[in-house]
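Ligands are counted one by one from 1 in listed order, and the atoms in each one are counted from 1 as well. Both backbone and side-chain heavy atoms feed into the values below; hydrogens, waters and symmetry mates do not.
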Amino acid sequence: MKSWLMYFALLFNLNFIEGAFRCDYKYSSKAQAWFKFFSVPANFIDARLRCSMEGAVLASPTTPEILAEMRNIMNHSYPEYEIFTGIHATFSQGDYTTIEGTPLSKIAVTWANNELDNKGNNEKCITMNGNGDLADRRCEETRPYICYHAESFLSEVSQCSFDPEYRLDKRTNKCYKFHTVPRNFSRAFMACAAEDAHLAIINSDVEATVLRELFAKYPENSLQGAIRKDLAFIGFHDWGELWDFRTIHGQTLTEAGYNKFAPGEPSNAAPGESCGSIIRSGLLNDLWCDRPVAFICEKSPGPFLCHVPAVYGQNT
Ligand SMILES: *[C@@H]1O[C@H](CO)[C@@H](O)[C@H](O)[C@H]1NC(C)=O
Ligand SMILES: *[C@@H]1O[C@H](CO)[C@@H](O)[C@H](O)[C@H]1NC(C)=O
Ligand SMILES: [Ca+2]
Ligand SMILES: [Ca+2]
Ligand SMILES: [Ca+2]
């Protein structure tokens with residue numbers, strides 16, 4: 001199957017890449033998958049979202065090989081912690097599945113003492129300790145976690161990212177992605193970070209034009225939801241000091257190279273606008289941080305793919 005796919009990939013000159021993923025993930029040949037440990041504890045919702053935004057899933061010990069690798073990671077990092085797995089029953093009481101949908105009943109597991117007990121009728125998320133024993137815990141607790149990506153083909157890789165939506169613009173030699181799923185500023189920042197990018201920072205009039213043209217590709221009727229469709233979050237903020245707008249990398253807008261607000265902006269409209277946005281015209285506006293809108297991420301082009309270390313081609 002794989003060679004058949006590769007044949008067609010070559011035939012049609014598609015960029016199918018086998019056995020490669022992001023370089024911040026580590027490959028396990030036994031589990032045939034990529035793993036990344038997150039030591040900063042997060043609740044289940046944030047852990048799931050972070051893995052998903054990284055093109056991975058919150059790891060569950062679905063096979064002995066994956067279980068062994070997860071324990072291995074924990075032993076090297078935080079053996080005393082219980083981490084979140086992707087096994088949860090947040091949709092329906094008692095119906096535990098992995099993120100990918102494998103029912104708990106189809107996974108060979110061992111339970112910690114007196115688990116699974118659904119204490120207080122409030123434990124819908126499954127954790128794992130260093131011995132590989134599972135327990136049900138409150139999803140709102142914060143815990144370390146592991147993201148997982150099964151070995152697979154990546155298709156249509158761009159010069160910028162394994163995410164083909166990142167496109168290089170030669171005028172600035174930067175890559176951009178317009179996110180149509182509206183998020184608040186904090187979540188927008190997170191989405192860009194998960195893509196090894198950052199909320200776009202305008203460093204010149206040319207870059208403002210690049211973003212204005214990118215925005216124009218997403219007319220108002222292409223954006224979903226009851227949101228402002230005339231603007232999108234980008235990477236500046238008042239950092240808690242009203243009116244003192246700086247990029248998310250700390251420069252004043254003038255230092256960064258572009259400081260053109262729309263007429264009447266910044267307005268700091270009640271109850272206070274601390275977050276930066278770009279209007280379709282290419283001019284700047286301050287905006288409420290907590291109201292979701294579209295947003296634009298930016299990153300530098302360059303190497304971003306890591307390949308499976310000498311697994312294929314061994315002994316050949
Ligand atoms: C993790 O550490 C424990 C205790 O040191 C050890 O018994 C266990 O075999 C280790 N597991 C792995 C997968 O390395
Ligand atoms: C951003 O959105 C997330 C998810 O809806 C929410 O949990 C968080 O509190 C919001 N943050 C702010 C600052 O509004
Ligand atoms: Ca429990
Ligand atoms: Ca820039
Ligand atoms: Ca404003």
Asks: On the 0 to 90° scale, with breaks at 30° and 60°, tag the F178-Y218 ring pair as parallel, tilted or perpendicular.
Replies: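 F178 vs Y218 ring planes: parallel.
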Asks: May I have the angle between D136 O and E123 OE1 with its vertex at the Ca ion (ligand 3), rounded to 10°?
Replies: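 About 80°, to the nearest ten degrees.
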Asks: Please examine the side chains of E69 and F35, heavy atoms only from C-beta on, and report whether any two atoms are closer than 4.5 Å.
Replies: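 In short, these two side chains touch, coming nearer than 4.5 Å.
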Asks: Write the atom name of the N, O or S atom in E115 that is nearest the Ca ion (ligand 3).
Replies: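 This turns out to be OE1.
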Asks: Parallel, tilted or perpendicular: which describes the rings of H149 and F21, with under 30° parallel and over 60° perpendicular?
Replies: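 H149 vs F21 ring planes: parallel.
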Asks: Grouping I, L, V, M, F, W and Y whenever their side-chain heavy atoms are under 4.5 Å apart, do F233 and I227 come out in a common cluster?
Replies: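 No.
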Asks: Classify the ring geometry between F185 and F189 as parallel (under 30°), tilted (30 to 60°) or perpendicular (over 60°).
Replies: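 Rings of F185 and F189: tilted, as their planes differ by 30° to 60°.
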Asks: N/O/S of S277 less than 3.0 Å from the Ca ion (ligand 5)?
Replies: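 No, since none of the N, O or S atoms of S277 sits under 3.0 Å from the Ca ion (ligand 5).
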Asks: Using a distance threshold of 4.0 Å (strictly less than), state whether atom 9 (O) of ligand 2 has a protein heavy-atom neighbour.
Replies: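 Protein heavy atom within 4.0 Å of atom 9 (O) of ligand 2: absent.
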Asks: Identify the closest protein heavy atom to atom 5 (O) of ligand 2: which residue and atom is it, and at what distance?
Replies: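 The closest heavy atom on the protein side is N184 ND2, 4.7 Å.
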Asks: Is there a donor-acceptor pair closer than 3.5 Å between any side-chain N or O of N131 and the backbone N or O of D133?
Replies: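 Such a contact is absent between N131 side chain and D133 backbone.
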Asks: List the closest protein heavy-atom neighbour of atom 7 (O) of ligand 2: residue, atom name, distance to the nearest 0.1 Å.
Replies: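 Heavy-atom neighbour on the protein nearest atom 7 (O) of ligand 2: R187 NH2, 4.2 Å.
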Asks: Relative to the Ca ion (ligand 3), which of the N, O or S atoms in D117 is the closest?
Replies: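 D117's closest N, O or S atom to the Ca ion (ligand 3) is named OD1.
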Asks: Measure from the side-chain N and O atoms of W288 to the backbone N and O of A269, and report whether any donor-acceptor pair falls under 3.5 Å.
Replies: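 A pair under 3.5 Å: yes.
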Asks: Counting both backbone and side chain atoms, is some N or O of S186 under 3.5 Å from an N or O of ligand 2?
Replies: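 Among all N and O atoms of S186, none is under 3.5 Å from an N or O of ligand 2.
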Asks: Looking at atom 2 (O) of ligand 2, tell me if a protein heavy atom falls under 4.0 Å from it.
Replies: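 Under 4.0 Å from atom 2 (O) of ligand 2, at least one protein heavy atom found.
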Asks: Stepwise, does the side-chain contact (heavy atoms from CB on, under 4.5 Å) test hold for R137 with E115?
Replies: CA-CA 10 Å; R137 303 286 185 216; E115 304 290 348; 3.1 Å; yes
Asks: Has N268 got an N/O/S atom less than 3.0 Å from the Ca ion (ligand 5)?
Replies: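 No, outside the cut-off.
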Asks: Angle at the Ca ion (ligand 5) between OE1 of E273 and OD1 of N285, to 10°?
Replies: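 Between OE1 of E273 and OD1 of N285, the angle at the Ca ion (ligand 5) is about 150°.
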Asks: At less than 4.0 angstrom from any non-hydrogen atom of D290, what atoms of ligand 2 do you find?
Replies: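 The list of qualifying atoms is 14 (O).
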Asks: Under 6.0 Å between ring centres: does that hold for H88 and F44?
Replies: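 Yes, they do, as the ring centres are separated by less than 6.0 Å.
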Asks: Please work out the angle at the Ca ion (ligand 5) defined by atom OD1 of D286 on one side and atom OE1 of E265 on the other, rounded to 10°.
Replies: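 With the Ca ion (ligand 5) as the vertex, the angle is close to 80°.
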